[in-house]
Undergrad: 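Next up is a structure, given as structure tokens.
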Amino acid sequence: MFEMRSFVISAPVTPDASALLRWYDTHRRVLPWRSLPGQRPDPYAVWLSEIMLQQTTVRAVISYYERFLSHYPTVQDLAAAPLEDVLHLWAGLGYYARARNLHACARRVTEMGGFPQTLAELLTLPGIGAYTARAIAAIAFGVPVVPVDGNVERVTARLYSIEDPLPASRPLLAKHAARLNTDQEAQDRPSDFAQALFDLGATICTPRNPSCLTCPWQKKCMGLKNGVAANLPLKTPKQAKPVRYGVHFLLHDHNQNILLRTRPPKGLLGGMDEIPGTEWRSERWSPAEALAAAPALVNWVARGEIKHVFTHFTLYLMVYEATLPANHNAGIDPSFGAFRTTKRAALPGVMQKCLSLAAPETDAETP
DNA sequence: GATACGTGGCA
DNA sequence: TTGCCAAGTAT
């Protein structure tokens, strides 16, 4: 599009990279996937952490990261694993397409003999987009690029006092962010500069109540000068989430197994396991309607309802529980799944909530 | 460009 | 309790 205002937006003053890097040298966070100063980063560790950190907090990621690294110390180990196992380890972390792409990416990288080091090649890999490609290039390979994540968008919006709302302002923010590293100090330390921006966003330039008084960039921050820093970036209001309802059935056999089925490989919770249930629709299910959809004609006991909030809708699930009589093992349609142990199942958070409503274990589940 | 895609913590 | 937010990507 024609940049009608380009002559008005004079080249903004670049902030002082050396001030940020000096702050980082003192205040950098210690994180399991971060190499220590002077150490060569492991591209596998950088990649694995970046995928996990997409739209996910550091706190939530840490234990998953440690578990993945101990199960799969190298990208070759991950590539050799069955997808099932990877989904099992990922269960609870959310955005399961990331786990499927992670596995596919590990196989591609293994075929290639290692991680590519250029932006263009990284961008061709599954699960790696504009942000992650730059993060890996900068952090693992020292390429002088600026990864633009939510932190960097926020820092940039405040620094240049950009009041256009997200997500429409994303290209503009990216354009400004790309010039943040023009100083020689930033060019010399691409990995530190990228991570310094993340740490600044996570600990100083926070979404709420930013600590502008201790910010290494406070003197250059136009948002602070204009008194609007804490309110930026602006965001266009989100649409209200629709509500959906479903009913799910927790059916035990007599071998510590429950009836489980695997969801279709793509889409919502793709490839993950669930206890069988009804469709998720906008109307509640009557008890009669629900029991007509049950996998077996047994004595179902209502255990309650869970609430689960997805990105784009809120879900209420009624949970019924029963134990199959000893002589009733046949006659369950395979479309409801098969009896398996939860120990090796890939149960997403919403299903873990359903299972949490189960009656306490009793050694004698008397039918 | 808009929408689908999870989850848990926090004000 | 409700809404916002977190190192985004794929289609």
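Model, not experiment: these values are computed from the prediction. All chains are named by letter (A, B, ...) in the order of the sequence lines, taking the proteins before the strands, and each is independently numbered beginning at 1.
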Undergrad: Please compare Y96(A) and Q239(A) by the position of their nearest nucleotide in DNA chain B and report the one closer to 5'.
TA: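 Here Q239(A) is the residue nearer the 5' end.
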Undergrad: If you take any heavy atom closer than 4.0 Å to DNA chain C, which residues from residues 262-283 of chain A end up in contact?
TA: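 Here the set is empty: none.
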Undergrad: Report which part of the nucleic acid G92(A) touches: base, sugar-phosphate, or nothing (heavy-atom distance under 4.0 Å, all strands).
TA: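 Since only primed, P, OP1 and OP2 atoms lie under 4.0 Å of G92(A), the category is sugar-phosphate.
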Undergrad: With distance as the sole criterion, is a donor-acceptor pair present between the side chains of T26(A) and R22(A) under 3.5 Å?
TA: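 There is no such pair (donor and acceptor under 3.5 Å, judged by atom type) between the side chains of T26(A) and R22(A).
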Undergrad: What is the separation between atom CZ on R170(A) and atom C1' on dG1(B), rounded to the nearest whole Å?
TA: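 Between C1' of dG1(B) and CZ of R170(A): 12 Å.
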Undergrad: Without decimals, in angstroms, what is the distance between L123(A) CG and dA10(C) P?
TA: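 In whole Å, dA10(C) P and L123(A) CG are 9 Å from each other.
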Undergrad: Specify the separation, in whole Å, of atom CG of L166(A) and atom P of dA2(B).
TA: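 Spelled out: CG on L166(A) to P on dA2(B) is 13 Å.
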Undergrad: Classify the nucleic acid contact of I136(A) as base, sugar-phosphate or nothing, counting any heavy atom under 4.0 Å across all strands shown.
TA: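 The residue I136(A) makes no contact with any strand.
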Undergrad: Which pairs pass salt bridge (Lys or Arg N to Asp or Glu O under 4.0 Å) with one or both residues in residues 196-206 of chain A, sequence neighbours excluded?
TA: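 Non-adjacent pairs meeting salt bridge (Lys or Arg N to Asp or Glu O under 4.0 Å): R29(A)-D199(A), R34(A)-D199(A).
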Undergrad: Between N257(A) and N255(A), does any side-chain donor sit less than 3.5 Å from a side-chain acceptor?
TA: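 N255(A) and N257(A) do not have a side-chain donor-acceptor pair below 3.5 Å.
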Undergrad: Between P167(A) and T311(A), name the one whose nearest nucleotide on DNA chain B is closer to the 5' end.
TA: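 Between the two, 5'-proximity favours P167(A).
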Undergrad: Identify whether Y95(A) and L269(A) are in the same connected component of the hydrophobic contact network (ILVMFWY, side-chain heavy atoms under 4.5 Å).
TA: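 Different clusters: Y95(A) never reaches L269(A) through Ile, Leu, Val, Met, Phe, Trp or Tyr contacts under 4.5 Å.
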Undergrad: Does dG6(B) have OP1 or OP2 under 4.0 Å away from a side-chain N or O of H308(A)?
TA: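 The answer is no; no side-chain N or O of H308(A) sits under 4.0 Å from OP1 or OP2.
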Undergrad: Between L125(A) and G201(A), which is nearer to the 5' end of DNA chain C once each is assigned its nearest nucleotide?
TA: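 Its nucleotide being nearer the 5' end, the pick is G201(A).
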Undergrad: So if I take every side-chain heavy atom of N101(A) and compare against dA7(C), dA10(C), dC5(C), which nucleotide ends up nearest?
TA: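 My answer, after comparing the listed nucleotides, is dA10(C).
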Undergrad: Nearest whole angstrom, please: distance from the P of dG8(C) to the CG of L173(A).
TA: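 Going from L173(A) (CG) to dG8(C) (P), I get 14 Å.
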Undergrad: Would you measure the distance from the P atom in dA7(C) across to the matching atom in dA2(B) and give it in whole Å?
TA: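 My reading of the P atoms in dA7(C) and dA2(B) gives 23 Å.
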Undergrad: Whole-Å distance between dG8(C) P and E50(A) CD?
TA: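 Atom-to-atom, E50(A) to dG8(C), this comes out as 9 Å.
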Undergrad: Between E66(A) and S70(A), is any side-chain donor less than 3.5 angstrom from a side-chain acceptor?
TA: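 E66(A) vs S70(A): no donor-acceptor pair found between side chains.
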Undergrad: Distance check, rounded to the nearest 0.5 Å: R98(A) atom CZ versus T56(A) atom OG1?
TA: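 One gets 3.5 Å once the value is rounded to the nearest 0.5 Å.
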Undergrad: Give me the distance, rounded to whole Å, that separates dC5(B) from dC5(C) when you measure between the P atoms they each carry.
TA: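 Comparing P positions in dC5(B) and dC5(C) gives a spacing of 22 Å.
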Undergrad: Any chance the rings of F313(A) and F310(A) have centres within less than 6.0 Å?
TA: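 When the ring centroids of F313(A) and F310(A) are compared, they turn out to be within the sub-6.0 Å range.
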Undergrad: Listing request: all salt bridge (Lys or Arg N to Asp or Glu O under 4.0 Å) pairs with a residue in residues 101-122 of chain A, at least two apart in sequence or in separate chains.
TA: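 Checked against salt bridge (Lys or Arg N to Asp or Glu O under 4.0 Å) - neighbours excluded - no pair reaches residues 101-122 of chain A.
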Undergrad: For L232(A), which fellow cluster members are found when Ile, Leu, Val, Met, Phe, Trp and Tyr are connected by side-chain heavy-atom distances below 4.5 angstrom, either directly or through intermediates?
TA: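 V228(A), L234(A), which link up through side-chain heavy atoms under 4.5 Å apart, make up the rest of the cluster.
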Undergrad: Grab the CD1-P distance between I51(A) and dG8(C) for me, whole Å please.
TA: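 Going from I51(A) (CD1) to dG8(C) (P), I get 11 Å.
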Undergrad: Measure centre to centre between the rings of Y64(A) and W90(A), then say whether the value is under 6.0 Å.
TA: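 No - the distance between ring centres of Y64(A) and W90(A) does not fall below the 6.0 Å cut-off.
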Undergrad: Does a donor on one side chain sit under 3.5 Å from an acceptor on the other, for H312(A) and Q239(A)?
TA: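 Note: H312(A) and Q239(A) side chains miss the donor-acceptor criterion.
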Undergrad: Considering every strand and a 4.0 Å limit on heavy-atom distances, what is the contact class for W90(A): base, sugar-phosphate, or nothing?
TA: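 Touches nothing.
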Undergrad: With a 4.0 Å heavy-atom cut-off, tell me which residues in residues 53-67 of chain A come close to DNA chain C, sorted by residue number.
TA: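 The stretch gives L53(A), Q54(A), Q55(A), T57(A) as the residues lying under 4.0 Å from the strand, ordered by number.
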Undergrad: Applying side chain to side chain donor-acceptor pair (under 3.5 Å), which residue pairs with at least one partner in residues 202-219 of chain A are found, sequence neighbours left out?
TA: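 The answer is none; no pair qualifies.
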Undergrad: dA10(C), OP1 or OP2 - any side-chain N/O from R98(A) closer than 4.0 Å?
TA: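 Result: no.
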Undergrad: Could you please name the option among dT7(B), dC5(C), dG8(C) that lies closest to any side-chain atom of Y95(A)?
TA: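 Between dT7(B), dC5(C), dG8(C), the one nearest the side chain of Y95(A) would be dG8(C).
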Undergrad: Can you tabulate the close N/O pairs, meaning under 3.5 Å, that link protein atoms to atoms of nucleotides 1-3 of chain C?
TA:
| residue | atom | partner | partner atom | Å |
| --- | --- | --- | --- | --- |
| dT2(C) | OP2 | K307(A) | NZ | 3.3 |

Undergrad: Taking the six-membered ring for Trp and the full ring for Phe, Tyr or His, determine whether the centres of W280(A) and Y245(A) are under 6.0 Å apart.
TA: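 For W280(A) and Y245(A), the ring centres are not under 6.0 Å apart.
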Undergrad: For dA4(B), does either OP1 or OP2 sit under 4.0 Å from a side-chain N or O belonging to H312(A)?
TA: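 Checking H312(A) against dA4(B): no side-chain N or O falls below 4.0 Å of OP1 or OP2.
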Undergrad: Can you sort out the partners of D25(A) under side chain to side chain donor-acceptor pair (under 3.5 Å), two or more places apart, ordered by chain and number?
TA: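 For D25(A) the side chain to side chain donor-acceptor pair (under 3.5 Å) partners, ignoring immediate neighbours, are R189(A).
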Undergrad: If you group Ile, Leu, Val, Met, Phe, Trp and Tyr by side-chain heavy-atom gaps below 4.5 Å, do V58(A) and L69(A) land in one group?
TA: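 Same cluster.
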Undergrad: With sequence neighbours excluded, give me every salt bridge (Lys or Arg N to Asp or Glu O under 4.0 Å) pair touching residues 237-247 of chain A.
TA: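 Applying salt bridge (Lys or Arg N to Asp or Glu O under 4.0 Å) to every pair that reaches into residues 237-247 of chain A, excluding sequence neighbours, yields nothing.
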Undergrad: Which parts of residues 186-198 of chain A get close to DNA chain B, meaning a heavy atom less than 4.0 angstrom away?
TA: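 Here the set is empty: none.
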Undergrad: Considering residues at least two apart in sequence or located in another chain, which fulfil the salt bridge (charged side-chain N to carboxylate O under 4.0 Å, His left out) criterion with D273(A)?
TA: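 D273(A) satisfies salt bridge (charged side-chain N to carboxylate O under 4.0 Å, His left out) with R340(A) only.
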Undergrad: In whole Å, what is the span from the CZ atom of R154(A) to the P atom of dC4(C)?
TA: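 Spelled out: CZ on R154(A) to P on dC4(C) is 16 Å.
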Undergrad: What integer distance in Å separates W47(A):CH2 from dG8(C):C1'?
TA: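 Computing the W47(A):CH2 to dG8(C):C1' distance gives 16 Å.
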Undergrad: Got a sec? Which of residues 126-135 of chain A come in under 4.0 Å of DNA chain C, heavy atoms?
TA: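 The stretch gives P126(A), G127(A), I128(A), G129(A), A130(A), Y131(A), T132(A) as the residues lying under 4.0 Å from the strand, ordered by number.
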Undergrad: Would M222(A) and L197(A) show up in the same hydrophobic cluster when neighbours are defined by side-chain heavy atoms closer than 4.5 Å?
TA: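 In one cluster with M222(A): L197(A), no.
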